[in-house]
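Here is the structure we will look at.
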Amino acid sequence: MINITFPDGRVSQYESGVTAMQVASSISEGLARNVLSAKVNGEVWDASRPIHHDATLQLLTWDDKDGKATFWHSSAHLMAEALEAIFPGVKFGAGPPIENGFYYDVDPGDRKLGEDDLARIEQKMLELARNKSDYVRREVPKAEAIAYFKEKGDEYKLELLEDLEDGTITFYEQGNFVDLCRGPHIPNTDKIKAIKLLKVGGAYWRNDETRNQMTRITGITFPKQKELDEYLHMLEEAKKRDHRKLGTELELFMFSERVGAGLPIWLPKGTQLRERLTNFLKEEQEKRGYKLVVTPHIGHKNLYVTSGHYEKYGKDSFQPIHTPREGEEFLLKPMNCPHHCEIFANRPRSYKELPLRIAEFGTVYRYEQSGELHGLSRVRGFTQDDAHIFCMPEQVKGEFLNVLDLTRTVLSKMGFAEFTAQISLRDPNNPSKYIGSDEVWNIAEAAIIDAAKEANLNTVTVLGEAAFYGPKLDFMVKDALGRSWQLGTIQVDYNLPNRFELEYIGPDNQAHRPVMIHRAPFGSMERFISILIENTAGKFPLWLTPDQYALLPISERYVDYCTDIQQQLAKFDIRGFVDDRNETIGRKIRDTEIKKVPIMLIVGEKEAESNAVSVRLQGDGDKGSMSIELFVEYFKSLL
RNA sequence: GCCAGCAUAGCUCAGCUGGUAGAGCAGCUGAUUUGUAAUCAGCUGGUCGGGGGUUCGAGUCCCUCUGCUGGCUCCA
């Protein structure tokens, strides 16, 4: 007999060799039906794998992250079986579960797989799932495994086998498909009831761009059709909120092939929105001691040779601009920091003026790879809400707290009340990767950790993710659809102060090297606005939205009255427009609803007689008639 | 940059296996003067993304460039 310990601490005795599935059955049939896999001593196992020693056991179902992962991993195998059935001779790379679903990288040989093939593969998968095949685990000697895949001619699996040790190799088999796989898997294919293959695209073998490219088929499966329907509905919703679509419809921004790919053009409404965001941040920064500067869009090539950016990125970016003078070269600025370093170096600095916080809404240009461009979120010219804080090492923590406070204020005002912070530290096993002394790194890392703790942030710490020049903290927000986005960043930098030989005179009358902190709460205006659009579905907060109201006269007779109201409201800094088109009121309301203008003020004979407006809120309907004075109060209550 | 796909009017799309382009919406003009999500009628609008080729003939087939979409790689 062996002792099985459950998550609640309860211990039960079972025969040695009992499986998780049998344990589940001993508790309840319903539970057994739902078990997908099990965590045995913290490791995820097949529910059908015998347990021979005392163990802790957690049964995993669809409600567990690991249960879903098992389900999707098995779905990948099912897809592979379908592919092999339809396209004999197809070779398989890797097929793991992912956050939402699974993929399998395959080499289809001479034929091409496209979107058109997906429906057929789905059908085959459903057919195979209904065969109710068990997933069977088998331990296989390495020699046998090699022989099997040699026979099959699958060089990818053979390559994977090279890295595996004899005695640790397992095969999984379901139906007519055998795969090299560590597992675990669900008990039977019959659990997979609903299948949708979503994408087909290229993927490099082993994520290495020098190796050949495979075809990646991505899909998702569910135990119930209803869950698939809900998931597809969510995808539809995300599509409706796509900032590229909304940005075009709301006339916020545009792109032009003639101007160039990845170079956004801000239309009047988008510019209004962006200016309001910028001004808001400027005010918050001023309260916190930042000094605003403006620097040119280009700089001598030597500036970036000094900063090191030219060496690292020069050949992959916009190429130098030449002048009539021979040998003279300028670069479009890819970063604001070198310019800001020059501001610091402008004259001798005293410790008394530190921390010096230099802020700039600086537009930078980077030649992103063509395949990477995406709406506003990945562009070749963008404006960072940048600042560089030059301070003494012992001031780093205080400055971090200052930046965290700013970021929290800014994000919560934007409706991102919750965010997590990813702290990226050195790789302890590889200290030579980093510049700067251990001493300053220790101070900075401790400062970040302390500051995050003091600010009560939700944090995730990742070792080895620090930049070579310093540790950093990135802000991750979740949007209304539950998607995660990386927004702003704070980075400590020991590199640039060295390269630019920055110094301040300390209280000891000696020269010292300042620490530099890069930070951008939004990251870039472009990327932030893209996320804001998708999070709000284009219904921006009232203070931020380009037009706060639309005045809708019932007929042309009341246009003058509307213009009068518009002027009255302008005195209270309430902005909007008059829809003076010769259209019915129903039409004007419909068009305004679609434009997502938050407030509609409807004006006809009744209102004109009593100096009133009839208020309707976007998406929320009629709010009744009120005097202008009352409306101003009502408006303020909405802010 | 790589893989797969797409590009027809301002927008959304139709146009079978090659036989010199069509709808709805938008826009313009007129009528209507309207009470909480589309008033009616008429009209305009496209060298079918650019260039090259095959063909008697190309929106349709081939090549190439540009842009876009989904992946991959990258992201100071």
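Treat the numbers as computed from the prediction; the structure is a model and nothing was measured. Heavy atoms only: backbone and side chains are in, while hydrogens, waters and symmetry mates are out. Just so it is clear: chains get the letters A, B, ... in the order the sequence lines come, proteins before strands, and each one is counted from 1.
As a whole-Å value, the separation of Leu487(A) CG from C75(B) P is 20 Å. Taking atom CD of residue Glu257(A) and atom P of nucleotide U66(B), one finds them 10 Å apart after rounding to whole Å. Separating the CD atom of Glu556(A) from the C1' atom of A31(B) is a distance of 12 Å, rounded to the nearest angstrom. The NE2 atom of His374(A) sits 16 Å away from the C1' atom of C74(B) (whole-angstrom rounding). When the P atom of A4(B) is taken as reference, atom CG of Asp107(A) falls 12 Å away, rounded to whole Å. Atom CD in Gln491(A) sits roughly 12 Å away from atom C1' in C75(B) (whole-Å rounding). Separating the CD atom of Gln369(A) from the P atom of C75(B) is a distance of 9 Å, rounded to the nearest angstrom. A4(B) atom P lies 19 Å from atom CG of Leu197(A), rounded to whole Å.
Here, U54(B) and G45(B) have their C1' atoms 33 Å apart, quoted to the whole Å. C11(B) and G70(B) have their C1' atoms separated by 22 Å, given to the nearest Å. To the nearest whole angstrom, the two C1' atoms, one in A26(B) and one in G67(B), are 24 Å apart. Comparing C25(B) with C43(B), their P atoms sit 14 Å apart, to the nearest whole Å. Nucleotides U12(B) and C72(B) place their P atoms 26 Å apart, quoted to the nearest Å. Comparing U60(B) with A14(B), their C1' atoms sit 14 Å apart, to the nearest whole Å. For the C1' atoms, the distance linking G59(B) with G18(B) amounts to 10 Å, nearest Å. A58(B) and U20(B) are spaced 9 Å apart, taking the C1' atom of each and rounding to whole Å.
Side-chain contact, Tyr561(A) with Glu607(A): no donor N or O sits under 3.5 Å from an acceptor N or O. With no hydrogens or angles considered, a side-chain donor-acceptor pair links Glu360(A) and Thr295(A) at under 3.5 Å.
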Reading 5' to 3' through nucleotides 8-16 of chain B, protein heavy-atom contacts under 4.0 Å coded B for base, S for sugar-phosphate only, - for none: ---------

Base-contact (B) and sugar-phosphate-only (S) positions in nucleotides 35-40 of chain B, heavy-atom cut-off under 4.0 Å, - elsewhere: BBBBB-

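Within the model, atoms OG of Ser637(A) and OH of Tyr634(A) stand 6.5 Å from one another, a figure rounded to the nearest 0.5 Å. Atoms CD and NZ, from Glu115(A) and Lys199(A) in turn, are 10.5 Å apart once rounded to the nearest 0.5 Å.
Below the 3.5 angstrom threshold, one finds a donor paired with an acceptor across the side chain of Arg378(A) and the base of C74(B). Interface remark: the Tyr204(A) side chain does form a donor-acceptor pair with the G1(B) base, using a distance-only criterion of under 3.5 Å. One cannot find a donor-acceptor pair under 3.5 Å joining the base of C72(B) and the side-chain atoms of Glu209(A).
Within the nucleic acid shown, Lys312(A) has no heavy atom closer than 4.0 Å to any nucleic acid atom. Residue contacts shown for Arg244(A) are limited to sugar-phosphate atoms, with no base heavy atom under 4.0 Å away. As judged by a 4.0 angstrom heavy-atom cut-off over every strand, Leu552(A) is placed among residues making no nucleic acid contact. Counting any heavy atom pair closer than 4.0 Å across all strands shown, Glu115(A) reaches no nucleic acid atom. Among the heavy atoms of the strands, none lies under 4.0 Å from Asp316(A).
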Canonical and wobble pairing (Watson-Crick, G-U, under 3.5 Å) of RNA chain B, dot-bracket with |: (((((((..((((.....[..)))).(((((.......))))).....(((((..]....))))))))))))....

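Remark: Arg206(A) is not in phosphate contact with C72(B), judged by side-chain N or O atoms under 4.0 Å from OP1 or OP2. Phosphate contact (OP1/OP2 of G1(B), side-chain N/O of Ser370(A), threshold under 4.0 Å): present. OP1 and OP2 of G71(B) both lie 4.0 Å or more from every side-chain N or O belonging to Arg216(A).
Here the side chains of Ile533(A) and Leu252(A) are in contact, with some heavy-atom distance below 4.5 Å. Residues Tyr494(A) and Trp441(A) are in side-chain contact: their nearest non-hydrogen atoms beyond the backbone lie under 4.5 Å apart. Inter-residue side-chain proximity for Ile389(A) and Val403(A) is flagged as met; some heavy-atom pair is nearer than 4.5 Å.
Where Gly262(A) and Lys199(A) each meet RNA chain B at their nearest nucleotide, the meeting point lying more 5' is that of Gly262(A). Comparing Gly260(A) and Arg366(A) by the nucleotide of RNA chain B whose heavy atom lies nearest to each, the residue mapping closer to the 5' end is Gly260(A).
Taking a cutoff of 4.0 Å between a charged side-chain nitrogen and a carboxylate oxygen, Arg206(A) and Glu159(A) qualify as a salt bridge.
Applying the side-chain contact (heavy atoms from CB on, under 4.5 Å) test between Lys588(A) and each of Ile602(A), Asp579(A), Asp580(A) identifies Asp579(A) as the sole match.
Both tests hold for Arg380(A) against Tyr367(A): distance to the six-membered ring centre under 6.0 Å, angle to the ring axis within 45°. Both the sub-6.0 Å distance and the 45° axial angle are not jointly satisfied by Lys478(A) relative to the ring of Phe419(A). Cation-pi check for Arg426(A) over Tyr434(A) is not met; the charged atom does not lie both under 6.0 angstrom from the ring centroid and within 45 degrees of its normal.
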Full working for ring pair (Phe, Tyr, Trp, His ring centres under 6.0 Å) between Phe330(A) and His300(A): CA-CA 4 Å; Phe330(A) 289 87; His300(A) 255 296; 4.5 Å; yes

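Of the possible donor and acceptor atoms, none in the side chain of His518(A) sits under 3.5 Å from a partner among the backbone N and O of Asp493(A).
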